[in-house]
Amino acid sequence: MNKINIKFALDMLLNNNKIGKSDAIEIISFVTKIEYSEVMFLQANALSKKQLNQIIKISKSVAKGKPLAYILGYKIFRAHKFLVNKNTLIPRIETEQIVDYVNEFINQQDKKMDILDLCSGSGCIGLSIAIENEINSLVLCDISKKALNVSEKNINLNNLNNQVKIVKSNFLNSIIINKNKFNILVCNPPYIDINDNDIDSSTLKYEPKIALFAEDNGLLFYKEAIKKIEKVMKLDEKMMLIFEIGWKQKNDLEIFLQTEIGLKYKWKFEKDYFGNWRYMIINN
Ligand SMILES: C[S@@+](CC[C@H](N)C(=O)[O-])C[C@H]1O[C@@H](n2cnc3c(N)ncnc32)[C@H](O)[C@@H]1O
């Protein structure tokens with residue numbers, strides 16, 4: 001048996017303490033073009049010298065702190081492939097759960113929904129919803145033209161051109177000017193306090209600052225969206241807003257919700273799978 005095989009490369013990658021098992025399989029799949037789900041069954045397959053060198057090069061870059069998604073040029077999110085580059089945040093596993101809440105809401109409705117993904121980045125949230133449901137329309141909205149270019153590629157990759165539109169906007173400005181209204185608003189805005197020093201060094205070095213930081217202790221975008229509910233949501237139909245939040249932000253947001261919307265709408269907070277407060281959901 002050829003010693004330079006997939007098993008050899010997997011063992012080598014797993015010796016790199018920055019690479020977990022699923023990333024190691026993803027690297028092998030990327031280099032060999034073997035489906036992710038097949039890699040573990042084909043461990044005896046030989047690797048060429050070129051493939052092994054490519055795997056070693058990727059492993060070294062990851063060891064230096066470069067995020068694997070930026071090296072490969074994509075990230076798997078809810079089993080869907082999304083292209084990413086240095087202009088888009090890398091989709092996070094916590095964010096996947098937003099789509100579960102939206103899917104549940106959509107399943108309870110008898111009409112197709114109009115959806116806004118605000119601060120859309122790669123488009124991973126909105127496009128996952130469009131892939132997993134029958135929707136009426138989806139708008140991806142971001143201030144970064146470069147991020148929108150990536151999301152456009154992701155629309156094409158998933159054959160969603162008919163339902164999805166892209167809008168470049170400073171938060172809700174263009175949406176409000178165009179008088180667009182939605183049943184569902186999903187939003188994972190920048191929410192790290194600009195004075196927060198406790199940020200993963202790789203995130204800080206490689207990911208776009210514009211995707212990370214927000215003023216007002218990181219609360220600026222939530223407050224703006226909550227104040228504008230009447231202007232962007234279809235209030236005479238069933239509606240839902242769902243935001244990803246920082247794990248320390250629930251109390252401050254609760255106080256803001258009490259003063260800003262009181263009993264006008266229902267709201268709740270939910271924890272992610274790691275036990276952190278992570279989602280703010282507002283309904284009529
Ligand atoms: C935390 S990232 C989220 C990206 C993607 N939705 C996700 O979950 O992976 C925040 C996004 O907000 C965008 N953004 C920052 N400031 C904005 C603004 N004023 N208006 C619209 N989008 C903004 C950034 O360009 C970035 O793509």
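Since we're looking at a predicted model, the values are computed, not measured. Order of listing sets the numbers, starting from 1, for every ligand and every atom in it.
- If you look at Pro208 next to ligand 1, there are no close heavy atoms at all, none under 4.0 Å.
- Considering each of Pro91, Cys124, Gly121, the one bringing a non-hydrogen atom nearest atom 7 (C) of ligand 1 is Cys124.
- For atom 15 (C) of ligand 1, the closest heavy atom belonging to the protein is Ile210 O, 3.1 Å.
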Fill in: Verdict with reasoning, Tyr191 to Phe243, per side chain to side chain contact (heavy atoms under 4.5 Å, CB included)
CA-CA 10 Å; Tyr191 59 69; Phe243 301 85; over 6 Å; no
Fill in: side chain to side chain contact (heavy atoms under 4.5 Å, CB included) between Tyr70 and Lys66, worked out
CA-CA 7 Å; Tyr70 288 154; Lys66 184 158 185 183; 4.2 Å; yes
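- When only interatomic distances are considered, the shortest N/O to N/O separation between Ser122 and ligand 1 does not fall below 3.5 Å.
- The protein non-hydrogen atom at the shortest distance from atom 1 (C) of ligand 1 is Ala211 O, 3.0 Å.
- A salt bridge links Glu207 and Arg92; the closest N-O separation between the charged side-chain nitrogens and carboxylate oxygens is under 4.0 Å.
- The shortest N or O to N or O distance between Phe171 and ligand 1 is under 3.5 Å.
- Nearest protein heavy-atom contact of atom 5 (C) of ligand 1 is Ser120 O, 3.4 Å.
- Near Thr95, meaning under 4.0 Å from any of its heavy atoms, are these atoms of ligand 1: 8 (O).
- Each of the following atoms of ligand 1 lies closer than 4.0 Å to a heavy atom of Phe221: 16 (N), 18 (C), 19 (N).
- In this structure, Ser169 has a heavy atom closer than 4.0 Å to ligand 1.
- With a 4.0 Å heavy-atom cut-off, ligand 1 is reached by no atom of Tyr191.
- Of the N or O atoms in Asn170, one or more lie within a sub-3.5 Å distance of an N or O in ligand 1.
- Neither the backbone nor the side chain of Cys141 has a heavy atom within less than 4.0 Å of ligand 1.
- In terms of N/O distances under 3.5 Å, ligand 1 is approached by Cys119.
- Atom 23 (C) of ligand 1 has Ile143 CG2, 3.5 Å as its closest protein atom, hydrogens excluded (heavy atom only).
- Electrostatic pairing of Glu96 and Arg78 does not count as a salt bridge here, judged by no charged N lying under 4.0 Å from a carboxylate O.
- At distances below 3.5 Å, at least one donor-acceptor pair connects side-chain atoms of Asp193 with backbone N or O atoms of Asn195.
- At distances below 3.5 Å, not a single donor-acceptor pair connects side-chain atoms of Asn87 with backbone N or O atoms of Lys146.
- Remark: the Asn136 side chain and the Asp114 side chain contain an N/O donor-acceptor pair separated by less than 3.5 Å.
- A salt bridge is defined here as a Lys NZ or Arg NE, NH1 or NH2 lying under 4.0 Å from an Asp or Glu carboxylate O, and Glu38 with Lys33 fails to meet this definition.
- Because its NZ or CZ atom is not both nearer than 6.0 Å to the ring centre of Phe82 and within 45° of the ring axis, Lys75 does not count as a cation-pi partner of that residue.
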Practice prompt. Walk me through it: do Leu138 and Gln163 pass the test side chain to side chain contact (heavy atoms under 4.5 Å, CB included)?
Written response: CA-CA 6 Å; Leu138 167 68; Gln163 297 138 294; 5.5 Å; no
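- Using a 4.0 Å cut-off to heavy atoms of Ser144, the atoms of ligand 1 that qualify are 25 (O).
- Only the side chain of Ile125 comes within 4.0 Å of ligand 1, counting heavy atoms alone; its backbone N, CA, C and O stay farther away.
- By the 3.5 Å distance cut-off applied to N or O atoms, Asp142 is counted among the residues near ligand 1.
- Protein heavy atom in closest approach to atom 10 (C) of ligand 1: Asn188 O, 3.4 Å.
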Worksheet item: Do Cys141 and Ile175 pass the side chain to side chain contact (heavy atoms under 4.5 Å, CB included) test, and can you show the C-alpha distance, the side-chain angles, and the key distance before you say yes or no?
Response: CA-CA 9 Å; Cys141 173; Ile175 302 288; 4.3 Å; yes
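- A centroid separation of less than 6.0 Å is found between the aromatic rings of Tyr101 and Tyr279.
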